[in-house]
Number of protein chains: 2
Amino acid sequence: MAATRPSNPLALAVLVLLGERPMHPYEMSSTLRERRKEDSIKLNYGSLYSVVESLQKRGLIEAAETVREGRRPERTTYAITETGAQVMVDWLVELLSTPKKEFTQFEAALSLAGALPPDQVTELLGQRLRNLLYQQKSVEAMFEEARSVGLPQLFLIEAEFSAALLAAEIAFVEQLLAGLRTGSLGGFEIWQRMHELRGAGVPPEEVEAKLSVEFADDLAFAKHYEQGT
Amino acid sequence: MAATRPSNPLALAVLVLLGERPMHPYEMSSTLRERRKEDSIKLNYGSLYSVVESLQKRGLIEAAETVREGRRPERTTYAITETGAQVMVDWLVELLSTPKKEFTQFEAALSLAGALPPDQVTELLGQRLRNLLYQQKSVEAMFEEARSVGLPQLFLIEAEFSAALLAAEIAFVEQLLAGLRTGSLGGFEIWQRMHELRGAGVPPEEVEAKLSVEFADDLAFAKHYEQGT
DNA sequence: GTTCGAATACTCGACTTCGAGTATTCGCCT
DNA sequence: AGGCGAATACTCGAAGTCGAGTATTCGAAC
């Protein structure tokens, strides 16, 4: 069988940890927390235990021993297998070398934002910008502290990536807001007029009809657009 | 009951579409495809139908009529409810105004990349960069075509966001690669040495012991680091 | 010596996600 | 008139996700 793997990146983290040394699930979770990996890998107990079970079923890890330490409940310690080590490498290779579309909530929201009137969207993006800037400040502070304590850059590389994306989002939202505030964003007037008509209680089909008359030029693309490429 | 909603953004898309006019599920999927929303909202049939069912159970949409057109199979047309319209607005407001951590696979991979030796990571990121640049080229071409056909910017706003993130990722990977190639990335030597030792078959605990002697200075942070903030 | 909160170590089941598979019908070409 | 591929319209079940809940134990303070 073709060494399939779970889809949750948490499973990769488990493989990497067990590549260092055998552990029981709860220890994995605390190690991940100590190393600040919960910021870059979604960790929750339910998923952790089901991912471990799934890895075991596929033969990528195996139970090493079941011990009871002190009077604590019994724990099962797992170790990585040969196959598991191979899968870990393959998986990392793929994730690092091959970009793959990730869907974000914000992108989805942007693509549906036309359902709200332009003024409101401007207002909301203004709020978002403030939130983003605040976030950025605390991220910078965290970097500052890490540097002052002598933590090598390598250990925070994922946080730096995330900070780079944050900066890009800030720049994007700022630019978009500028376009909205000056009304210079292409298509702005159609959008505005559409909500004006809807607000006045004009039924959907009529709105569409009116718009295609009033903005005939701007909507000329529709002919091509409608039928794919 | 407090008007809960499904978590899948596809459900939001359904609400927005039904806010325009009643539709049956398959029509939703084709409309989303026509408007190029499948690029920003993950769409697959299984999810679509279960999301519709879930919206109906919560009273956010309702079956309007069940028709059989021609001799095609029977289709159920849905319409949005008052509550549904409210939830749609609330949801959009939240997504647009409030940023929320999104976990990407690449971020996870970066945070685990230490499990591979530095040379290999450099090689893999080089590949990634090439892929990203290729992607960027085709995205630019798509924008070019859209502009030439007269499509207003507004209609591609989500694609522009995604392009901004792509550009940021490219810049990040380029910078990281530079740091790796010159070996100037903080912590590079520890990383390299660690794989050297592992490769020579030194057991885990010993590796750790050696490193903490050899790199005492660079690892001084550990004292603070280990016990949280 | 006891109280009380934090940490340890998981379990459970409701809910979602996913994509391959199925069955039909339309439209075009011959 | 018949064959065939694309489009229509969904179904199914296996797998994965999630976080609240449970039960215990440790440690520090009073």
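A note on names: the letters A, B, ... follow the listed sequences, proteins ahead of strands, and every chain is numbered from 1.
Atom CZ of A:Arg75 and atom P of C:dC10 are 8 Å apart (whole Å). One interatomic measurement links the two molecules: CG of B:Asn44 to P of D:dG13, which rounds to 17 Å at whole-angstrom precision. We find that CZ of A:Arg33 is positioned 14 Å from P of C:dA6, with the value rounded to whole Å. Rounded to whole Å, atom P of C:dC10 lies 13 Å from atom CD of A:Glu53. The CG atom of B:Leu43 sits 13 Å away from the P atom of D:dT8 (whole-angstrom rounding). In this structure, the NZ atom of A:Lys57 is 9 Å from the C1' atom of D:dA15, given to the nearest Å. Counting to the nearest Å, the P atom of D:dG16 and the CD atom of B:Gln105 are 14 Å from each other. In this structure, B:Leu10 atom CG and C:dG19 atom P are separated by 13 Å, rounded to whole Å.
If A:Gly46 and A:Arg5 are placed on DNA chain D by their nearest nucleotide, the residue sitting closer to the 5' end is A:Arg5. Residue B:Glu27 is the one, among B:Glu27 and A:Pro9, whose nearest nucleotide of DNA chain D lies closer to the 5' end (criterion: closest heavy atom).
In this structure, A:Tyr49 and A:Tyr45 have tilted ring planes: the angle between them lies in the 30° to 60° band.
Checking the phosphate oxygens (OP1, OP2) of C:dC10, no side-chain nitrogen or oxygen of A:Tyr26 falls inside 4.0 Å. Side-chain nitrogen and oxygen atoms of A:His24 include none within less than 4.0 Å of the OP1 or OP2 phosphate oxygen of C:dT8. Look at A:Asn8 and you won't find any side-chain N or O under 4.0 angstrom from OP1 or OP2 of D:dG16. An OP1 or OP2 oxygen of C:dC10 is reached within less than 4.0 angstrom by no side-chain nitrogen or oxygen of A:Tyr45. Remark: A:Lys42 is in phosphate contact with D:dC18, judged by side-chain N or O atoms under 4.0 Å from OP1 or OP2.
With D:dC10, C:dT17, C:dA9 as the choices, the nucleotide that has an atom nearest any side-chain atom of A:Tyr49 turns out to be C:dA9. In this structure, the nucleotide among C:dT17, D:dG16, C:dT16 sitting nearest to the side chain of A:Ser7 is D:dG16. In this structure, of D:dT17, C:dG19, C:dT17, it is C:dT17 that holds the atom nearest to the side chain of B:Ser47.
A cation-pi arrangement is present between B:Arg128 and B:Phe106, with the terminal nitrogen or guanidinium carbon under 6.0 Å from the aromatic centre and inside a 45° cone about the axis.
Taking 4.0 Å as the cut-off between side-chain N and carboxylate O, B:Glu158 and B:Lys37 count as a salt-bridged pair. Taking 4.0 Å as the cut-off between side-chain N and carboxylate O, A:Glu123 and A:Arg130 do not count as a salt-bridged pair.
Closest non-hydrogen pair, A:Ala163 versus A:Val139, comes out as CB-CG1, 4.2 Å.
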